[in-house]
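First the proteins, then the strands, lettered A, B, ... as listed; each starts at 1.
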Amino acid sequence: MPPRPIPPLWRSLLWLWLALCAGPVLSGPDTVLTPQESRRWLERIHDAAHARNYQGILVFSADGALASSRVAHFCEGTQSFERVEALDGEPQLVYRHNDDVYSVWPQSRLAVIEKREPQQASLRRVIEPRIGEHYELIDQGVERIAGREAQVLLLRPRDKQRYAQRLWVDTRSGLMLRADVLGPHQRVLESSAFSEVEIDVQSRPQTVLQPIRYLDGYRQVRPQHIATQLEAQGWLLRPPVPGFSLSSCSLRSLNAGHVARGDAPTLQAVFSDGLTHVSLFIDRVGGTPPRRALSAQTGATHTLMQPLGSEWWITLMGDVPLGTLTQFVQALERRP
Amino acid sequence: MSTNDESETRGLLSALSDGEVDAAQGARGCEAWSEPAGRQTWRDYHLIGDVLRSQELASSDEHDAAFLARLRSRLADEDRVATPASGVPRRHWRLPLALAAGVAALASALSLSTWLEGAAPAGRMAAAPVSATPAEAATSVVIRDAQLDRYLRAHRDYGAAQPVSLPGAAARRVETVSFQR
């Protein structure tokens with residue numbers, strides 16, 4: 001007996017069922033993006049962050065503590081202007097005009113004025129191609145955030161040396177609305193998010209230029225960063241930690257508030273993987289107040305502080321798993 | 001208390017438990033609540049409300065009182081950890097206590113920051129004491145440390161010239177504690 005044909009009604013229901021099952025798989029919330037797609041998204045995020053005019057309230061949370069700031073960013077041609085005002089604790093404002101960063105504490109009448117390294121400025125408008133080597137980008141669907149529709153993207157690390165990050169990106173402008181740093185088992189270690197945001201607002205550079213022009217009555221401190229090389233200072237990383245390359249090295253004082261005391265400078269070397277970075281600080285024993293070895297964590301930031309021989313103190317800090325910092329410590333060598 | 005007063009107090013407490021009073025009535029309600037009879041009425045109204053919502057919420061006063069007493073005695077037995085001193089939530093550091101699990105009294109946070117002291121031998125650093133520390137320690141102690149904050153600020157300087165709307169950029173830097181003056 002030949003098999004009975006399926007009645008048309010059942011056949012259509014079967015197709016419907018198949019379509020419903022396959023739907024989430026085909027258009028699934030977790031799609032690994034191709035390198036080209038990833039690059040496009042990351043470029044879009046960078047372009048929006050640099051070139052758009054936006055303002056809003058940015059909330060940062062880590063370890064159950066919340067801190068919010070009022071932020072504004074304006075771009076006019078090649079010039080960028082930014083104002084960040086801390087809304088919790090002691091009043092603090094950070095103004096940035098291109099590479100000049102002014103940190104102002106009105107209550108203490110203190111202004112710290114720093115010029116960022118041109119090395120960092122040169123990374124502007126370009127997405128670091130290295131990100132793709134160490135993270136894959138995963139499309140996790142669309143959600144609503146700060147009253148706007150956002151594309152959720154997961155930056156999943158390709159090894160255990162770094163943390164994952166989940167980004168919420170405004171679908172219309174490409175502006176990043178929220179970023180979570182994820183620890184083991186996708187646990188949120190810290191999060192920064194716009195609770196409200198206006199995009200493509202009118203540019204008002206005077207709100208940045210005006211306050212930094214009138215700092216009379218403020219103690220103005222200009223910390224010196226002296227560019228140097230690790231090798232020139234007698235240090236070597238062997239073998240280098242996978243995925244992290246040296247992006248800056250300088251001698252500086254960490255006590256910018258009272259430089260006059262003449263603290264011995266600290267050597268800071270920054271290693272970056274294109275998304276996150278690790279700082280290596282080296283101090284000479286006796287150049288700093290007595291201290292103790294420790295390992296600590298705040299939000300996603302781990303710290304290792306240890307003596308090296310009888311002459312040096314090493315401090316490693318980074319938004320990476322503790323094991324990565326240990327790798328740096330193990331690779332560090334003093335060249336006679 | 002006359003019957004008239006009593007019914008007025010009840011009405012007041014009923015309105016208070018429903019959140020339908022103004023400031024003056026609220027103050028009088030709280031005054032009534034400070035009397036034992038007022039508290040009993042207050043509990044009764046809440047019990048009625050609870051039962052209306054769910055049978056499972058209906059429990060006797062004694063049950064609640066016993067729970068509170070147990071909670072208080074447990075809390076009194078808990079080790080005290082140091083907490084940030086200021087009312088404003090600020091950045092704090094957690095020191096993992098995995099290696100210090102045997103430490104009996106957590107009297108002072110300062111003494112705990114020394115748990116790794118002496119662990120690093122001279123010369124090239126040994127990894128052992130560090131790698132033995134799980135990154136996600138089950139227990140930790142919370143401290144505020146000006147020295148660590150200075151390093152944190154220097155670490156975050158790196159992103160300072162980036163627009164706020166990028167991972168790890170300026171906004172994170174601002175919540176970091178300010179310079180020690």
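- Annotation: Trp312(A), atom CH2; neighbour count of heavy atoms from other residues, nucleotides and ligands within 6.0 Å is above 12.
- One finds the CG atom of Leu316(A) at 10.0 Å from the NE2 atom of His155(B) (value rounded to the nearest 0.5 Å).
- Between Met317(A) atom CE and Arg156(B) atom CZ the span is 8.5 Å, to the nearest 0.5 Å.
- Nearest heavy atoms, Gln268(A) versus Ala154(B): NE2-O, 3.3 Å.
- Only the side chain of Arg252(A) comes within contact range of chain B, with heavy atoms under 4.5 Å apart.
- Interatomic distance, CG of Leu294(A) versus CG of Leu148(B), reported as 5.5 Å (0.5 Å rounding).
- Arg178(A) meets the salt bridge (Lys or Arg N to Asp or Glu O under 4.0 Å) test with Asp180(A); sequence neighbours excluded.
- The local environment of CZ in Arg334(A) is crowded, with over 12 non-hydrogen atoms from other residues, nucleotides or ligands closer than 6.0 Å.
- Heavy atoms closer than 4.5 Å to chain B are found nowhere in Val197(A), neither backbone nor side chain.
- We find the CZ-OG1 distance between Arg150(B) and Thr315(A) to be 11.0 Å, quoted to the nearest 0.5 Å.
- Under the rule for a ring pair (Phe, Tyr, Trp, His ring centres under 6.0 Å), Phe74(A) has no partner lying at least two apart in sequence or in another chain.
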